[in-house]
Amino acid sequence: MDLSSFLTSLATSFIIFLLLMLLFFWLSTKPGNNVVYYPNRILKGLDPYDAGYKTRNPFTWIQEAFSSTEKDVLCVSGVDSAVYFVFLATALGILVISGLVLLPLLLPLAVTDQGKSNETTSNGTFTDLDKLSMGNIKEKSNRLWAFVFAVYWVSFVTYYLLWRAYGHVSNLRAAALMSPEVKAEQFAVLVRDIPDPPADQTRKEQVDSYFKALYPDTFYRSMVITDNNKVNAIWQELEGYKKKLAHAEAVYAESKEKGKPDGKRPKNRTGFLGLIGAKVDTMDYCTEKINELITKLEDEQKAVLKEKQQASALIFFNSRLSAASAAQNLHARMDDTWTVVNAPEPRQVIWDNLTKQFYSRQIRQYMVYFIVFLTIAFYMIPIGLVSAFTTLENLKKLLPFIKPWVKKDALRTVLEAYLPQLALIVFLSMLPKLLLFLSKAEGIPSQSHVVRAASGKFFYFSVLNVFIGVTLGGTLFSTFKTIQKSPGDIIPLLAKSIPGNATFFLTFVALKFFVGYGFELSRLVPLIIYHLKRKYLCITEAELKEAWTPRDLNYGTRIPSDLLILTIVFCYSVIAPIIIPFGVIYFGVGWLVLRNQVLKVFVPSYESYGQMWPHIHTRIVAALILFQVTMFGYFGVNKFYYTPILIPLPFFSYIFTYVCSTKFYRSFHDTALEVAREDLKEGPNMEFVFKSFIPPSLAFEKLDDDQFEDAVSQISRTVSSA
């Protein structure tokens, strides 16, 4: 990529961001679009526009984001969102403080060294930016001491800010868990791997007697987990017919308003997708099916509760201190029986996974890890090919017929500026759903844990296939003939090529923050989808609300993407310090845009009280270690005799991680008893706590609570009635 292509890419991305920001301002002021741009505020019954900014301009959203506090985020979106902003602020702080030293120190040293000024180190001929990189420093030069200092500076700045952030997040989590408000999950634990009951006891009686003996004063009720697959299918079918009936009734009412006194009753076919089969009156047909399914559902609910009990249960206590203590205690001599852990939040329970047994979970986990390994290994091939083939020089060699087209300056500039980065982004977008599916298949009991597991897989995949894959792919392709002649030169060639790949990653980062955050702010795709649904599909209020109700922050893909950018900036911060301002803009613009979205758009689908943070912390340190190892190798190929001075850094990183884990991690895995003992505003309504965990398919309004007697503790009934 030449200088004009890089500047074109940067300028074009910036202009696109400005246009999208102006489009956001114009569209967000239209009352008909409020549900797209302010759904979070609307759902909370608030005015879409902040009362303090009645006079609005294209930059009002920036003022609102800057003026918001962490308390605002906690009130609107919870601890998980606040922790995400701690991550963004920490990454931003690391890059700003590092850049304040590295840019004025390293850039003059690189520019004024004439050792490699006539050489081409980039994958193209981009020598102008190469002069700003460590690649322009002579081998064995004493100037390399400044770069050694820079590696240590970045490392210790990272340690300091991560330590402060860990302590702050720990305080946020503790404050949330000490809240005097009743949270159902704090009064329950999940017990799995229950052994077979004695011959004279049912599963329910076994569980009740076991926990009643251990916690005689605080045990309240147990709920044995059941196999709900069949009842879920019936319930979902019933809900579908209810929605269809409501839609048909709305269509019928609308036909009456259009001048037909009797209206026109909607009809549909009963076959595949309503395209084949007998034609029937929709309202009569749906009513008949609903009545039929209600009876079927009630029968299946009774059968499930009596006959499909599994070796897992939810145990409820009338004290959150007892629940916290129970989740941390060893209840059996063997790990594979009576496994007790904290109960997930009711809205994030994955019911199918609660029944997975100990050895099944272990086998599933190893199988998933193996599949992920194969995915990473085989994905590296196409991504490496993409990085190789999507450079114009390589495309012209492989596809000679495109030469006349790429000779046109305008087309060549656009292709060089965007083709490799867009191809990479498209490849990455195909992966998250697969990783979420695999993580769920491990038998993990909660949605937040699944997201954390998928996020970790996505991070390592991104680092190995994007950062390392692109670097190796582009270099191996461009130097293949040299390597064939002299295979022993592969390591020096790869190391020397690192500065040349900086141009690719500079453009990649710029494209991510300008274009990516521009589309995030403008919400063009959700806006178009909403208006299409509103015009052609939605008639009832429920359908309309479903069309605009927003998603959550999507930590499973967002955090790994941010960590990938931080990894790239880390690894090039000393080699090509010019990348640091791009990283600062990425996290700075991201903080502003996502602050606006969290306060006005995104609605959390669960709350894990910051349990994502240890995951984030570990992967930031992993990125730092990769940076330290990369720099060790790069100094080595530059024949700097004092390279071993960098050897302690990875060990420092490991020690830092160990100390942080020892000091903080346990309180993220378990609830500290000093936190759980805090007084509540009022005594918990234990029936409400219990019923909040009943699966939707078993919570049908006509189901009498007495029908739970087979899966619910009889002992607790006696206690509660007394």
Side-chain angles (χ1 to χ4, degrees), residues 27 30-45 48 228-301 347 351 433 523-552 601-605 694-703:
L27 291 172
K30 305 295 180 184
N33 296 334
N34 282 348
V35 293
V36 175
Y37 293 102
Y38 307 98
N40 193 318
R41 294 182 64 84
I42 291 172
L43 289 171
K44 287 180 169 56
N228 299 333
N229 289 332
K230 189 173 180 180
V231 75
N232 285 342
I234 297 172
W235 180 78
Q236 289 170 2
E237 187 179 3
L238 175 61
E239 290 297 304
Y241 277 112
K242 285 183 177 181
K243 290 179 181 179
K244 194 172 181 179
L245 176 60
H247 183 88
E249 289 173 342
V251 170
Y252 181 52
E254 190 177 79
S255 69
K256 288 183 177 181
E257 295 174 0
K258 292 182 178 178
K260 297 180 180 180
D262 296 332
K264 182 180 180 181
R265 295 178 69 86
K267 297 183 181 297
N268 70 281
R269 296 186 181 276
T270 59
F272 179 71
L273 297 177
L275 301 175
I276 59 176
K279 200 169 189 179
V280 296
D281 182 286
T282 302
M283 291 190 293
D284 290 343
Y285 178 73
C286 288
T287 302
E288 180 183 344
K289 294 295 291 185
I290 287 171
N291 292 332
E292 176 186 325
L293 287 169
I294 286 175
T295 303
K296 188 176 179 181
L297 178 64
E298 291 174 347
D299 292 340
E300 184 60 31
Q301 286 172 332
R347 56 182 171 169
W351 293 99
K433 288 187 177 180
R523 288 181 59 78
L524 286 180
V525 175
L527 180 70
I528 293 169
I529 292 174
Y530 164 70
H531 282 294
L532 288 174
K533 287 183 176 180
R534 181 183 181 184
K535 185 173 179 62
Y536 298 109
L537 299 176
C538 300
I539 295 180
T540 67
E541 287 296 322
E543 290 172 338
L544 197 60
K545 184 177 180 180
E546 187 177 347
W548 61 259
T549 298
R551 56 182 173 82
D552 60 14
V601 179
F602 296 135
V603 175
S605 58
I694 297 176
S697 59
L698 295 178
F700 192 67
E701 59 268 17
K702 288 189 177 182
L703 185 64

Inset, instruction - Compare every heavy atom of Tyr252 with every heavy atom of Pro266, then report the nearest pair and how far apart it is. - result: CD-CB, 4.0 Å

Legend entry - Polar side-chain atom of Ser605 near backbone of Asp552 as donor-acceptor pair, under 3.5 Å: no

Legend entry - Straight-line distance of His247 NE2 to Asn268 CG, nearest 0.5 Å: 10.5 Å

Legend entry - Considering all heavy atoms, the nearest Asn34-Pro48 contact: ND2-CG, 4.0 Å

Legend entry - Neighbour count above 12 (heavy atom, 6.0 Å) for Lys289 NZ: yes

Legend entry - Verdict with supporting geometry, Thr287 and Asn291, side-chain contact (heavy atoms from CB on, under 4.5 Å): CA-CA 6 Å; Thr287 302; Asn291 292 332; 3.9 Å; yes

Inset, instruction - Taking the side chain as every heavy atom from C-beta outward, state whether Trp548 and Ile529 have any atom pair closer than 4.5 Å. - result: no

Legend entry - Cys538 versus Glu543, closest heavy-atom pair with distance: SG-O, 3.4 Å

Legend entry - Atom pair CG (Leu297) and CD (Glu300), whose distance is rounded to the nearest 0.5 Å: 8.5 Å

Inset, instruction - Please examine the side chains of Leu698 and Trp235, heavy atoms only from C-beta on, and report whether any two atoms are closer than 4.5 Å. - result: no

Inset, instruction - Step by step, work out the side-chain contact (heavy atoms from CB on, under 4.5 Å) result for Glu249 and Thr540. - result: CA-CA 9 Å; Glu249 289 173 342; Thr540 67; over 6 Å; no

Legend entry - Shortest non-hydrogen contact between Ala547 and Lys533, atoms and distance: CB-CD, 4.0 Å

Legend entry - Residue pair Ala248 / Met283: nearest heavy atoms and the distance that separates them: CB-CG, 3.7 Å

Legend entry - Nearest-0.5 Å distance, CG of residue Leu293 to CD of residue Glu237: 4.5 Å

Legend entry - Validation row: Arg534, Leu544 side chains within 4.5 angstrom (heavy atoms): yes

Legend entry - Interatomic distance, Lys242 atom NZ to Ile294 atom CD1 [nearest 0.5 angstrom]: 6.0 Å

Legend entry - Non-hydrogen atoms of Leu43 and Pro550 that approach each other most closely: CD1-CD, 4.4 Å

Legend entry - Lys44 NZ: over 12 foreign heavy atoms closer than 6.0 Å: yes

Inset, instruction - To the nearest 0.5 angstrom, please state how far the CG atom of Asn40 sits from the OG1 atom of Thr549. - result: 11.0 Å

Legend entry - Approximate separation, where rounding is to 0.5 Å, of Arg523 CZ and Asn33 CG: 11.0 Å

